[in-house]
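What's counted below: heavy atoms across the whole structure, side chains too, no hydrogens, waters or symmetry copies.
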Amino acid sequence: MTKQEQMTAAGRDYWRALRTLLAGLGRYGAVSALSAVVDVLTFWLGSAVVFRPLAGPVGYWWSVLAARVLSSTINYTLNRRYVFGANPSRRTVVRYYTLWLGLLVSSYLLLLALTALLPGVSPVVCKVGGDLLLGLVSYQVQLRWVFREEDGCD
């Protein structure tokens with residue numbers, strides 16, 4: 001193979017890898033957006049209506065919990081099938097919901113911190129801000145741990 005042919009082949013490999021990466025990120029972004037809409041709407045409904053009679057942090061806890069339960073069900077199913085292409089396994093469910101528990105607690109604590117630091121800002125806006133940061137972490141953990149292919153059986 002000539003040097004020119006090698007460079008052409010390397011270029012094709014580069015673009016193929018880049019296209020695969022971008023497609024995965026695009027699918028992850030779409031699933032994340034859908035999950036986020038479900039999460040935010042559920043949080044809003046919980047904090048503004050269902051759990052409104054409860055004091056601030058208590059109502060926020062139940063609202064965050066309800067939102068995370070509903071959105072995580074959608075997120076796990078769609079990510080497993082369409083983003084990471086993982087086969088259903090007990091391992092991925094356990095890993096996903098271990099991550100989920102950490103994200104649940106982090107989301108709640110970020111919500112409390114942001115509402116305290118930004119008085120007058122809507123709790124929904126504070127939750128969205130905190131969850132955007134957590135989404136970046138979540139993608140990396142799902143990619144590298146939750147849905148990672150491993151040798152051996154479950």
Side-chain angles (χ1 to χ4, degrees), residues 14 16-154:
Y14 169 80
R16 193 173 310 134
L18 183 61
R19 188 173 53 240
T20 301
L21 174 66
L22 292 177
L25 286 174
R27 286 189 300 270
Y28 180 79
V31 168
S32 294
L34 174 63
S35 300
V37 167
V38 169
D39 191 83
V40 169
L41 288 176
T42 305
F43 175 78
W44 171 80
L45 183 63
S47 63
V49 179
V50 177
F51 302 113
R52 186 181 179 105
L54 301 175
V58 174
Y60 291 161
W61 168 253
W62 290 108
S63 300
V64 168
L65 180 62
R68 286 283 168 166
V69 166
L70 184 57
S71 68
S72 71
T73 303
I74 293 166
N75 187 273
Y76 173 80
T77 302
L78 295 177
N79 274 337
R80 182 185 53 76
R81 281 190 191 156
Y82 301 113
V83 177
F84 299 106
N87 293 321
S89 72
R90 185 171 32 139
R91 185 192 82 237
T92 62
V93 171
V94 169
R95 287 180 176 184
Y96 181 86
Y97 281 98
T98 300
L99 170 62
W100 174 86
L101 184 59
L103 293 173
L104 169 70
V105 172
S106 299
S107 177
Y108 176 67
L109 294 175
L110 278 169
L111 172 66
L112 293 181
L114 290 172
T115 55
L117 290 170
L118 305 168
V121 175
S122 165
V124 173
V125 172
C126 292
K127 182 174 184 335
V128 169
D131 285 354
L132 284 172
L133 294 174
L134 293 175
L136 299 172
V137 172
S138 178
Y139 174 72
Q140 290 299 314
V141 173
Q142 288 181 63
L143 178 67
R144 298 171 193 275
W145 183 61
V146 174
F147 296 109
R148 183 185 72 210
E149 299 252 346
E150 295 181 81
D151 295 330
C153 298
D154 289 314

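- Not counting sequence neighbours, Tyr82 has no partner by the ring pair (Phe, Tyr, Trp, His ring centres under 6.0 Å) test.
- Among residue pairs with one or both ends in residues 110-119, none qualify as salt bridge (charged side-chain N to carboxylate O under 4.0 Å, His left out); sequence neighbours excluded.
- In this structure, Leu78 and Val83 have side chains that are not in contact, with every pair of non-hydrogen atoms separated by 4.5 Å or more.
- In this structure, Val121 and Thr115 have side chains that are not in contact, with every pair of non-hydrogen atoms separated by 4.5 Å or more.
- Between Gln142 and Val137 the shortest side-chain heavy-atom distance does not fall below 4.5 Å.
- Within the structure, the side chain to side chain donor-acceptor pair (under 3.5 Å) test picks out no pair touching residues 40-65 (sequence neighbours left out).
- Of all non-hydrogen atoms in Leu99 and Ser138, the two that sit nearest each other are CD2-OG, 3.9 Å.
- Applying the salt bridge (charged side-chain N to carboxylate O under 4.0 Å, His left out) definition to pairs two or more places apart or across chains, none involves residues 112-121.
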>> Please determine whether side-chain contact (heavy atoms from CB on, under 4.5 Å) holds for the pair Phe43 and Leu111, giving the CA-CA distance in whole Å, both sets of side-chain angles, and the decisive distance to 0.1 Å.
In response: CA-CA 11 Å; Phe43 175 78; Leu111 172 66; 3.7 Å; yes
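- At least one side-chain heavy atom of Val69 sits under 4.5 Å from a side-chain heavy atom of Trp100.
- Between the side chains of Asn79 and Tyr96, no donor-acceptor pair is found at a separation under 3.5 Å.
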> Does the side-chain contact (heavy atoms from CB on, under 4.5 Å) test come out yes or no for Ser89 and Thr92, once each step is laid out?
Replying inline: CA-CA 5 Å; Ser89 72; Thr92 62; 3.4 Å; yes
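- Here the side chains of Leu45 and Leu41 are not in contact, with every heavy-atom distance at 4.5 Å or above.
- Counting only residues at least two apart or in different chains, salt bridge (charged side-chain N to carboxylate O under 4.0 Å, His left out) contacts with residues 104-127 comprise Asp39-Lys127, Lys127-Asp131.
- Checked against ring pair (Phe, Tyr, Trp, His ring centres under 6.0 Å), Phe147 has the following partners two or more places apart in sequence or in another chain: Tyr76, Phe84.
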